[in-house]
2 protein chains.
Amino acid sequence: MNIGAAARHSGLPPKTIRYYEEIGLLKADRAQNGYRDYSGEDVHRLRFVQRARGLGFSVEECRQLLSLYGNSGRESSDVKALASAKLTEIDRKIEELKGLRKTLSHLVASCHGDDRPECPIIDGLAGRTDA
Amino acid sequence: MNIGAAARHSGLPPKTIRYYEEIGLLKADRAQNGYRDYSGEDVHRLRFVQRARGLGFSVEECRQLLSLYGNSGRESSDVKALASAKLTEIDRKIEELKGLRKTLSHLVASCHGDDRPECPIIDGLAGRTDA
DNA sequence: GTAAGCCTTCCAGTTACTGGAAGCTCAAGA
DNA sequence: TCTTGAGCTTCCAGTAACTGGAAGGCTTAC
């Protein structure tokens with residue numbers, strides 16, 4: 001299977017697949033004409049990475065997950081630890097965004113948003129507490 | 001005021017302040033010895049950017065906000081529009097993370113996490129629906 | 001005078017791609 | 001058979017927003 005087909009089956013752009021190969025994440029065989037040649041198992045791994053990336057795992061984490069994926073002697077606790085850490089990280093990000101949201105929505109709500117130059121948002125960003 | 005002092009007053013590292021100058025966001029006067037020289041107003045602008053970045057505005061958005069900040073003839077609706085768009089974006093990110101969280105926590109919860117190789121997390125990433 | 005601590009510039013690296021150019025290969029149609 | 005277009009190759013450069021480090025100048029205190 002050429003890279004275009006592998007891209008369609010995995011949901012990753014060809015550029016990204018080549019990039020993953022360049023950084024040593026996933027290598028493909030080569031056909032006689034020099035084209036990359038993907039097996040069904042290769043495509044499985046590509047989809048695997050595509051899903052893991054979509055769930056917020058970094059490329060380096062995908063590298064770890066891939067080695068666990070292909071390792072039938074793995075312990076599920078290894079994978080669970082990785083995933084749990086990621087979950088904690090996601091929770092932290094959500095809380096952080098909620099904090100931003102709160103501050104920003106206060107500022108937006110207190111701004112009348114008309115043609116007058118007075119603007120509580122600007123004042124808030126400038127650190128003026130009388131906003 | 002030298003860059004180190006400006007850094008302490010604004011909460012931005014010197015490296016970042018130099019970077020902002022390099023990209024034309026904030027320029028400083030120079031003392032006779034070639035050192036950057038920051039006025040109180042410069043420091044206000046640095047803090048302004050520091051706060052806006054902390055609220056999730058991109059550097060380019062900070063550039064816009066800065067020009068509105070210094071523009072006494074601005075309309076508060078301009079600023080409100082920028083901030084509202086950012087708020088929407090933050091909401092979208094929160095929802096996206098919640099979705100990730102849900103999927104990942106399902107996977108984590110269904111994984112026994114012991115020394116056996118069976119792992120619903122790996123299976124889930126691999127697209128096996130019997131996980 | 002010399003050492004520490006600041007400042008300067010410049011170059012390179014980070015993350016995870018993405019875009020584009022130059023050129024080769026392959027399949028189909030006139 | 002020739003050509004055209006799609007798809008493939010590599011390589012170089014750029015993105016966002018810094019960050020680290022090297023090499024060297026300035027300042028201040030002892």
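To find a chain, count down the sequence lines: A is the first, B the second, and so on, and within it residues start at 1.
Between the CD atom of B:Q32 and the C1' atom of C:dT8 there is a distance of 17 Å, given to the nearest Å. Summarising the geometry, the separation between CD1 on A:I23 and C1' on C:dG13 is reported as 15 Å, rounded to the nearest angstrom. Atom CG of A:D29 and atom P of D:dC8 are 16 Å apart (whole Å). Between the CG atom of A:D37 and the P atom of C:dT25 there is a distance of 17 Å, given to the nearest Å.
Side-chain contact check for A:D42 and A:S39: at least one donor-acceptor pair (N or O, by modelled atom type) lies under 3.5 Å.
The phosphate of C:dT9 (OP1 or OP2) has a side-chain N or O of B:R30 nearer than 4.0 angstrom. At the phosphate of C:dC6, neither OP1 nor OP2 sits under 4.0 Å from any side-chain N or O atom of B:R36. At D:dT9, one or more side-chain N or O atoms of A:R18 fall inside 4.0 Å of OP1 or OP2 (strictly under the cut-off).
Without hydrogens or angle criteria, A:R53 side chain to A:C62 main chain gives no donor-acceptor distance under 3.5 Å. In this structure a side-chain-to-backbone donor-acceptor pair under 3.5 Å is missing from A:R101 to B:D91. Although no hydrogens or angles enter the test, the distance criterion places a donor-acceptor pair under 3.5 Å between the side chain of B:N33 and the main chain of B:Y35. Looking at A:S76, its side chain does come within 3.5 Å of a backbone N or O of B:G113 through a donor-acceptor pair.
Within the nucleic acid shown, B:I3 comes within 4.0 Å of sugar-phosphate atoms alone, with no base atom in reach, counting heavy atoms only.
Note on B:E22 versus B:R18: no salt bridge recorded, every NZ/NE/NH1/NH2 to OD/OE distance being 4.0 Å or above. For the pair B:K93 and B:E96, the salt-bridge criterion is not met [side-chain N within less than 4.0 Å of a carboxylate O]. In summary, A:R92 and A:E95 do not engage in a salt bridge, as defined by a charged side-chain N under 4.0 Å from a carboxylate O.
The side-chain hydrogen bond (donor to acceptor under 3.5 Å, both in side chains) check on A:R36 picks up A:E21, with sequence neighbours excluded.
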Protein-to-nucleotide contact annotation, 5' to 3' order, nucleotides 17-28 of chain D [B base; S sugar-phosphate only; - none; under 4.0 Å, heavy atom]: BBSBB---BBS-
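Defining each end axis of the helix from C:dG1-D:dC30 to C:dA30-D:dT1 as the rotation carrying four pairs' C1' atoms onto the next four, with five pairs an end, the two axes are found to diverge by 30° to 10 degrees.
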